Amino acid sequence: MEQKKRILYFYTHFSSFVAKDVRILEPGFIITKRSFAPSKKIFTPFLLLSQFLFILLRIGRCDLVICQFGGYHSYFPTLLAKIFRKPSLIITGGMDCVSFPSIHYGVFNNRFMKWFTVRSYKNATHISPVHESLMLCDYTYQDDDFKKQGLLAFAPFIKTPFTVIYNGYDPEKWKCTQEKKPGTFITVVSGIEIPSRKKLKGIDLVIQLAKNLPGCSFTIIGIPEGFHLGDMPPNIATLPFVKNEELPSYYSRSEFYLQLSMSEGFPNALCEAMLCECIPIVSNVGAMPDIVNDSGFILRRRDLQLLKKLAEEALATKNKEELRKKARERIAVNFPESRRKTELLKLTLSLTGSK
């Protein structure tokens, strides 16, 4: 019986997508996980030193190094993997491939993080973006930032091979269990305490839209108790962090899901809400137009009047039931968790030389 291969797995936070990939890989591999989340920026050098020693003690018995996203935390894993002739894989997700100076967002907007990230990508054996747009795409949603986004827009000299593997979702876990309430909109956000996050995730547009649609109700999940978003109309309800297993009930009773971000990779909440038969209204960025296709509404430009018109069109549409079913089918057929499992395992096995 062939002995299980060993993987060193690095990430910044143990998010749902990290947990999902670990769950996919654990049956066939021995995985040693390591987080990289300094409580303050000043501690980053010490965490890098600790990580370096951690890898040095384990790289000899390792068969593959995986990093979720590129950044400070991927530098030593990919460098030492290269020195010790071990394969390494970076799974890109969004922030690590873009630059938005207008809101100080993106790895390529920070010269120090850019240096570490570029060298990580150059040292890596392979890159796996969750969508093609993370490698290179035209950006037309707003005019304040670069017209090209993606890794190759900012580092065209990187020749590391890549394989696109879409995120995947479980249709049995995410499904509609309640009757929809007409005129209800929902969105989920994390890290709203970061100053740029409100605009990045389009929460400012959600608030303005709610003011323009007083007869509708809006729910924003992910707002810590006591945190103020500013002047909000009475038809917006805010909730703090909601456990993953509780989200389906919130999605199920909401008619529309809003994702009006300035930048996205392959957003989990959008796909999960669509499986719960929310009709999506999304901005024209990242993977979202491909995800939604003809099952919802796409905001082509970051403009409040265009958004209001689009929302009114969505509210007035006669084929809501058809769109709900189509939204669920769009994810269940094209982006099931089983597909990501098959493709991620295939790539991992090829990198480790396993049968």
Side-chain angles (χ1 to χ4, degrees), residues 17 92-100 105-106 129-153 162 164-169 174 185-189 199-203 205-206 209 251 255-315 317 319-320 322-336 339-340:
F17 44 85
T92 64
M95 180 184 181
D96 49 346
C97 298
V98 301
S99 176
F100 289 85
Y105 177 78
V130 295
H131 190 258
E132 294 87 345
S133 60
L134 294 176
M135 296 307 292
L136 184 65
C137 68
D138 295 320
Y139 184 85
T140 58
Y141 183 56
Q142 47 88 20
D143 296 325
D144 296 332
D145 295 292
F146 296 104
K147 299 304 177 187
K148 295 280 187 183
Q149 293 289 341
L151 173 58
L152 298 179
F162 67 91
V164 176
I165 302 178
Y166 299 135
N167 283 340
Y169 307 90
W174 303 96
F185 297 78
I186 191 169
T187 191
V188 175
V189 66
K199 187 173 182 180
L200 168 68
K201 293 297 182 179
I203 300 302
L205 283 180
V206 174
L209 179 63
Y251 293 147
E255 196 168 31
F256 301 96
Y257 185 84
L258 293 167
Q259 189 77 54
L260 306 175
S261 311
M262 286 175 58
S263 177
E264 283 290 350
F266 201 111
N268 286 327
L270 167 64
C271 298
E272 293 159 358
M274 287 173 66
L275 281 174
C276 294
E277 300 183 25
C278 292
I279 299 170
I281 301 175
V282 303
S283 50
N284 184 35
V285 301
M288 293 197 291
D290 284 349
I291 293 170
V292 171
N293 199 270
D294 62 350
S295 71
F297 300 84
I298 299 171
L299 179 64
R300 298 293 172 183
R301 298 278 295 174
R302 185 181 154 83
D303 180 277
L304 178 60
Q305 292 309 310
L306 286 179
L307 174 60
K308 181 174 180 288
K309 184 178 178 181
L310 197 66
E312 288 172 342
E313 180 186 343
L315 286 163
T317 188
N319 63 335
K320 288 180 186 174
E322 180 186 341
L323 286 177
R324 289 177 195 138
K325 301 302 181 186
K326 192 176 283 188
R328 176 172 169 80
E329 183 182 10
R330 182 77 192 147
I331 306 303
V333 172
N334 295 283
F335 311 111
R339 177 180 177 179
R340 179 165 181 86

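Values in this document were obtained by computation on a predicted structure and should not be read as measured data.
- With sequence neighbours left out, the ring pair (Phe, Tyr, Trp, His ring centres under 6.0 Å) criterion links F297 to no other residue.
- Between Y251 and W174, the ring-plane angle classifies as tilted under the 30° and 60° cut-offs.
- K308 and E312 are joined by a salt bridge, as a carboxylate oxygen and a charged side-chain nitrogen come within less than 4.0 angstrom of each other.
- Among residues two or more places apart in sequence or in another chain, the side-chain hydrogen bond (donor to acceptor under 3.5 Å, both in side chains) test is passed with R324 by E255, E321.
- Contact of the E264 side chain with the H131 side chain is not registered, since no non-hydrogen atoms from C-beta on lie closer than 4.5 Å.
- At a threshold of 4.5 Å between non-hydrogen side-chain atoms, the residues K201 and L260 do not count as touching.
- Every residue two or more places apart in sequence or in another chain was checked for a salt bridge (Lys or Arg N to Asp or Glu O under 4.0 Å) with R328, and none qualifies.
- Remark: N319 engages T317 in a side-chain hydrogen bond (donor to acceptor under 3.5 Å, both in side chains) (not counting sequence neighbours).
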Item to check | Working for side chain to side chain contact (heavy atoms under 4.5 Å, CB included), residues K147 and T140 | outcome: CA-CA 7 Å; K147 299 304 177 187; T140 58; over 6 Å; no
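- Under the side-chain hydrogen bond (donor to acceptor under 3.5 Å, both in side chains) criterion, E329 pairs with no residue at all, not counting sequence neighbours.
- For F185, the ring pair (Phe, Tyr, Trp, His ring centres under 6.0 Å) criterion is met by F218, F256, not counting sequence neighbours.
- Listed here is the closest heavy atom pair of V98 and S263: CG2-OG, 3.9 Å.
- The CG atom of L151 sits 8.0 Å away from the CG atom of D96 when rounded to the nearest 0.5 Å.
- Shown here are the salt bridge (Lys or Arg N to Asp or Glu O under 4.0 Å) partners of R301, two or more places apart in sequence or in another chain: D143.
- Annotation: salt bridge (charged side-chain N to carboxylate O under 4.0 Å, His left out) contacts involving residues 270-292, sequence neighbours excluded, comprise E277-K325.
- Between F335 and F266, the ring centre distance stays below 6.0 Å.
- Partners of E132 according to the salt bridge (Lys or Arg N to Asp or Glu O under 4.0 Å) rule, which considers only residues two or more places apart in sequence or in another chain, do not exist here.
- Looking only at distances, no side-chain donor or acceptor of S295 sits under 3.5 Å from a matching main-chain atom of K326.
- No side-chain heavy atom of D145 sits under 4.5 Å from any side-chain heavy atom of S99.
- Other residues, nucleotides and ligands contribute over 12 non-hydrogen atoms within 6.0 Å of the OH atom of Y141.
- At a threshold of 4.5 Å between non-hydrogen side-chain atoms, the residues I165 and R340 count as touching.
- Here Y139 pairs with F100 under the ring pair (Phe, Tyr, Trp, His ring centres under 6.0 Å) rule; sequence neighbours left out.
- For the pair P267 and I291, the tightest heavy-atom approach, listed with the atom from each and the gap, is CD-CD1, 4.1 Å.
- Put simply, the side chain of R302 does not reach to within 4.5 Å of the side chain of S283, judged on heavy atoms.
- Evaluated for a side-chain contact (heavy atoms from CB on, under 4.5 Å) with V292, the options N284, V282, I279, I331 yield exactly one hit, V282.
- Between A287 and S133, the closest heavy-atom pair is N-OG, 3.8 Å.
- Here the CG atom belonging to N293 is positioned 7.5 Å from the CD1 atom belonging to I298, to the nearest 0.5 angstrom.
- Separation of atoms CG (L299) and CG (L258) is listed at 10.0 Å; rounding is to 0.5 Å.
- Taking both residues in full, the closest heavy atoms of K320 and A314 are given as CE-O, 3.5 Å, listed atom of the first, atom of the second, then distance.
- Expressed to the nearest 0.5 Å, how far CZ of F162 lies from CG of L152 amounts to 6.5 Å.
- Note that CG of L209 and OG1 of T187 are 11.0 Å apart. Values are rounded to the nearest 0.5 Å.
- Shown here are the ring pair (Phe, Tyr, Trp, His ring centres under 6.0 Å) partners of Y105, two or more places apart in sequence or in another chain: there are none.
- Residues D144 and M262 form no side-chain contact, since every pair of their non-hydrogen atoms from C-beta on lies 4.5 Å or further apart.
- Rounded to the nearest 0.5 Å, atoms CE (M135) and OG1 (T92) are 7.0 Å apart.
- For the side-chain hydrogen bond (donor to acceptor under 3.5 Å, both in side chains) test, residues two or more places apart in sequence or in another chain that qualify with Y257 are Q259.
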